[in-house]
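Notes follow the structure.
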Amino acid sequence: PDHPVTDHLDDLIVASYGVAAMALAYVHRAYLASFRWTLVILAAAFPLFAAMVVLDFRHDWKSAEDALKVVAGTLIFVGFLAAWLETTTTGGGGR
């Protein structure tokens with residue numbers, strides 16, 4: 001459990017979710033730009049996710065890390081929900 005290689009392996013896995021999301025957002029940035037509310041909500045979720053990853057790596061303030069995880073995850077879900085609602089009500093990604 002206290003091996004230096006495996007001690008932060010789960011932290012790296014969680015951090016990789018953010019890296020993968022940023023890569024996908026970059027690849028699809030032109031399409032994503034048409035969803036204003038999704039961008040606003042995901043922009044609010046990113047610093048919370050980053051703070052959660054930092055606390056996860058440091059193993060400090062477990063309750064704060066868990067709270068950030070819940071709030072960031074909820075915002076990410078709401079951001080994608082906003083995109084889905086926008087596509088179903090407007091027939092596409094329009095502003």
Measuring from atom CD1 of Ile76 to atom CG of Leu81, what distance do you get when rounded to the nearest 0.5 angstrom?
13.5 Å
Interatomic spacing from CZ in Arg29 to CG in Leu39 - rounded to 0.5 Å:
12.5 Å
To check you understand the geometry: which heavy-atom pair defines the closest contact between Leu75 and Ile41, and what is its length?
O-CG2, 3.0 Å
Taking only residues two or more places apart in sequence, or in another chain, which ones meet Arg58 in a side chain to side chain donor-acceptor pair (under 3.5 Å)?
Asp60
Which heavy-atom pair separates Val70 from Thr74 by the least distance, and what is that distance?
O-OG1, 2.7 Å
In terms of hydrophobic clusters joined by side-chain contacts under 4.5 Å, are Trp61 and Val71 together?
yes
Are the side chain of Thr38 and the backbone N or O of Ala82 linked by a donor-acceptor pair below 3.5 Å?
no
Report, as yes or no, whether the 6.0 Å neighbourhood of atom CZ on Phe57 holds more than 12 heavy atoms from other residues, nucleotides or ligands.
yes
For Lys69 and Val14: C-alpha separation, side-chain torsions, deciding distance, then whether side chain to side chain contact (heavy atoms under 4.5 Å, CB included) applies.
CA-CA 10 Å; Lys69 188 180 301 182; Val14 171; 5.8 Å; no
If I compare all heavy atoms of Pro47 with all of Ala44, which pair ends up nearest, and what's the gap?
CD-O, 3.4 Å
Which pair of non-hydrogen atoms, one from Glu65 and one from Asp56, has the smallest distance, and what is that distance?
OE2-OD1, 3.3 Å
Going by chain and number, the hydrophobic cluster around Val19 (ILVMFWY, side chain to side chain under 4.5 Å) further includes none
Say whether Leu55 and Leu48 are linked into one hydrophobic cluster, either directly or through other cluster members, by side-chain heavy-atom distances under 4.5 angstrom.
yes
With a 4.5 Å cut-off on side-chain heavy-atom distances among I, L, V, M, F, W and Y, is there a chain of contacts connecting Leu12 to Leu68?
yes
Show the nearest heavy-atom pair for residues Arg36 and Glu86, with the distance to one decimal.
N-OE1, 4.3 Å
Looking at CZ of Phe35 and OG1 of Thr87, how far apart are the two atoms once the value is rounded to the nearest 0.5 Å?
5.5 Å
Worked verdict on Val53 versus Tyr17 for side chain to side chain contact (heavy atoms under 4.5 Å, CB included):
CA-CA 10 Å; Val53 169; Tyr17 299 153; over 6 Å; no
